[in-house]
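Below is one structure, written out as structure tokens; the observations come after it.
One-based numbering, in listed order, for ligands and for the atoms of each. Note: hydrogens, waters and symmetry copies are ignored here, and every other heavy atom, side chains too, is used.
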Amino acid sequence: MLRSISSDGTSGSWERNAPASMARGARAMKMKSQATQVKTDAPASSSAGGKKRVYLLSEGNKDMKMVLGGKGANLCEMTKLTLPVPPAFIITTETCLEYFEEGTGDLPAALDYEFALKAIEEDTGKKFGDPLNPLLVSVRSGAPASMPGMMDTVLNLGLNDEIVEGIIKTTGNERFAYDTYRRFLNMYSDVVMDLDKEPFEEVITSIKKRKGIKLDLEMEAADWKEVVGEFKKLNPNVPSDPREQLRGAILAVFRSWNNDRAIRYRSYNNIPDEWGTAVSVQAMAYGNMNDGCGTGVAFSRNPSTGENKFFGEFLPNAAGEDVVAGIRTPQPLEEMATKWPGVYEELYKYQEQLEKYYCDMQDIEFTVENGRLYMLQCRNGKRTAKAAVKIAVDMVKEGALTEAEALLRIPANQMDFFLHPTLDPTAQKTKIGVGLPASPGAATGKIVFTPDDAEVMANMGEEVILVRKETTPEDIHGMKSAEGVLTALGGMTSHAAVVARGMGKCCVSGCTAAEVNAKNKVLKLGDVELKEHDVITIDGSTGEVYLGTVERRSAAEDEDFQTVLGWADKMRKLKVLTNADTPDQAAQARKLGAQGIGLCRSEHMFFEPERISSMRAMIVAEGKGERLQHLETLSVFQREDISGILKEMDGLPVTVRLLDPPLHEFLPHSPDEMQSLADTLGKPFSVVKDRVKQLKEVNPMLGFRGCRLSVVYPEITEMQARAVARAAAANKKAGLDPKPEIMVPVVSSAKELRLIVPRIVAAVKEELDKAGVDVKIPIGTMLELPRACETADQIVGTDDVDFISFGTNDLTQTVWGFSRDDAIRFIGRYQEQGLLDFDPFARIDEEGVGGLINMAIEKARTKQPETKVGICGEHGGEPNSVQYFHSSKFDYVSCSPFRVPIARISAGQAAAVEVSAQDKLYRESITNVKRAPK
Ligand code: ADP
Ligand code: MG
Ligand code: MG
């Protein structure tokens, strides 16, 4: 069938070919019957050592991705569907692994593909290495998971000086022959022999310059011939024996599995290094012969908007690599419809068929050779968040997918898109730095270096970006006032990142190249030096930092997005609560679908500027009497805030965590600040200084914090319990339905709870009795230390303990022994070297931390089956982790307000996996897929 090259090569005229639709049926049939025939007499040598290493396209199918790679498996499937795929054979991924294991640098001895090459020869009627009727092949990589552009491919293989002459003789198309040859020499030198590409490009550029032309299309036969001559001077060592070339190219594709970019891509995308790549060796289809040829890429729906409209681009008289290289601007497919209506119609039919068959939007690579269409690849297409949602909703409407199946197609992680303003991708921008994408959204503003400046400027109506080395709880008011936060240090779970996510504020953390000089108010990023009030834009979804203003746009209330959330809510078994510390956050989270608050950090109420002084006074107090007096003031603040939060979350649970951080965090550290505190309190400087010194800890995260504070200062806990009870009583009296709960943090033994819980119960009871109302206030504890997990049965066996909530941030920290604030320094290196597949502070470590969690749940449920089980770490909004919590039978996850929709979708997906197996039957029973007219 590919013989058309030699017979039609000179005609170059589209009209002279038989209508593509006529030739098609016959061709497809021929391809199929031949392939089948070849299969039956395939020699045993294809499976030496009991292993089948080489498959013909007729021998595989779409479910063999692990063996044949995604590309190979889909080529087989398209062949099965009788689509016009150039014949090929596929060397298995296992053979690639064999190659690495044997380590000889040569192909595995047991690999034999001669029989398969022969099959291609029979199918095409051409012969590999025959100058008069040469078969040229592509040697293509293809892993089980899509790794676009990461590995290598060699095209037009099987050429040498003699064969080029043969092609010229038989086709009369000298330009095509030399164009093809130069492409081959270039690619072989680059991919197989690892030579620098630049001198090769330079050859072409200088000829174009000399001739005063710009485009490849303007190059004539003699020019390409000259290029070939120069290329051979640059690299005289390309083997002339086609079989030697083939061996070299297969080896190069194997090797490309382990090139740096492929390794990096795998580590970012969690693709195991142990999979290996398959190699497809395929007869070439020529898009570069004349104006009746071309090549293109198409999508069955628009991959950026999701619109149900066939979409794509093509380049006449070009080879596939030209599209990728962006040498010329491709034309929209609509133009192909005018130019080559028959081909367009055929392609349209196939994309429709493939989409229906795979039940997903398809990404297709094709080549047209003298008016004949060849399908070179199909796969489920990558798409934007917006397109993913629209396609899912449309396909359910069309009856192509069930809701469960459609839900599983949604990339939960990308749903941030709908919640935050994003940078206009078409906007002009100057990137000046990059850090971690700590909290999504984009913000533009004048830079300021202190939280106070941020507040002052914001009050004047200015938009500011707070730039800090790192943030501490004392920066909160500045973070609140700023549009966004940029820090030089800190990871994805640093203070800045966690707090910003909680506020729904964009944040770039860990921008290590940033030199922040807060004293002189200068920010240096590489060569760029910025002063206070210079404008920057930060993108918390990518971690990028730009100079000046960049246009933004917002994804408003999207109807399709709401539909997807609706499916998730119907299916999910996990409740999704939120981590919120203020009435504003509570209201925002509720709008995003939160079913209550799983973590309300009570200390955040004391960081407000006018409150922190009472807090400090309480901490510096000399004696219990003085402390109680300040606690009374704090109690009023606490009650007001909690009452506001309960009101926003009326009817839903609000879990208030008792004071957690070390007291030292509340105190000032510089002598000036200490002096001013001493002045405010009317105490000698030395009292303040001594107290600060006394509370200073070497390792505060493992120090005097959490319930340990309750043990030493029971009056603090009592104040907090009373504040919760009073707030509940007030709301109840106002006709509301408050549902507060109290949670004790950093517990390591049941004995601590036996001391603390009765005090809480007594304080609550006293307040409720006093108010004369009846509100049930459950009490629970956080499991965030290994010892607490080990003894979960004793913990839930403690009287009045109603629930447990895993604090997975601290638990990860204590299980791994990694400090959350410092681990950023080496976690990246761990990932690079394959010691960690992901950051365990972002995604739950199922093996270690998860193992402990499951053990704790089992102990707890065996002892007290009714115990409510939740999780309130950052992991509560991470899709993989949410799936894990679903399978561990948690009752709820709790996450930052802006992660709530993501958690809803992830929880829905976890449940959908279980039902979609049944849906498969349903899907197969659907025959009529409606489509919008073209
Ligand atoms: P990638 O995985 O990087 O997309 P491919 O194996 O798909 O690599 O090859 C890249 C391009 O090379 C294809 O898009 C196609 O245009 C071209 N190509 C590959 N094989 C052939 C072939 N048999 N005939 C014509 N062009 C081919
Ligand atoms: Mg491809
Ligand atoms: Mg904690």
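Of all atoms in ligand 1, listed by their number and element, those nearer than 4.0 Å to a heavy atom of T153 are 5 (P), 6 (O), 8 (O), 9 (O).
Under 4.0 angstrom from ligand 1, the non-hydrogen atoms of A283 all belong to its backbone. Residue M284 touches ligand 1 through backbone and side chain together, judged by heavy-atom distances below 4.0 Å.
An N or O contact shorter than 3.5 Å is missing between R379 and ligand 1 by distance. On a distance-only criterion, T367 and ligand 1 share no N/O pair closer than 3.5 Å. The distance criterion of under 3.5 Å between nitrogen or oxygen atoms is met by R140 with respect to ligand 1. Backbone and side-chain nitrogen or oxygen atoms of A285 are examined, and one is located within less than 3.5 angstrom of a nitrogen or oxygen of ligand 1. For the pair L155 and ligand 1, the shortest N or O to N or O distance does not fall below 3.5 Å.
Across the listed options S146, G142, S138, S138 owns the non-hydrogen atom lying nearest to atom 21 (C) of ligand 1. When Q377, K71, Q282 are checked for heavy-atom proximity to atom 6 (O) of ligand 1, K71 turns out nearest.
F89 has its ring centre less than 6.0 Å from the ring centre of Y113. Aromatic rings of Y374 and F366 (six-membered ring for Trp) have centroids beyond the 6.0 Å cut-off, not under it. You'll find the ring centres of W224 and F231 outside the 6.0 Å limit.
Residue Q377: an N/O/S atom is found under 2.8 Å from the Mg ion (ligand 2).
A pairwise comparison of heavy atoms in N288 and A319 identifies CB-N, 4.2 Å as the closest pair.
A donor-acceptor pair is defined here as one N or O able to donate and one able to accept, closer than 3.5 Å; such a pair exists between the side chain of N160 and the backbone of S240. Side-chain N or O atoms of K390 include none that pairs as donor or acceptor with a backbone N or O of E307 at under 3.5 Å.
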Verify ring pair (Phe, Tyr, Trp, His ring centres under 6.0 Å) between F254 and F100, making sure each step is shown before the conclusion.
CA-CA 8 Å; F254 281 163; F100 282 114; 7.4 Å; no
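Around the CD atom of E94, the shell of radius 6.0 Å holds no more than 12 heavy atoms that belong to other residues, nucleotides or ligands.
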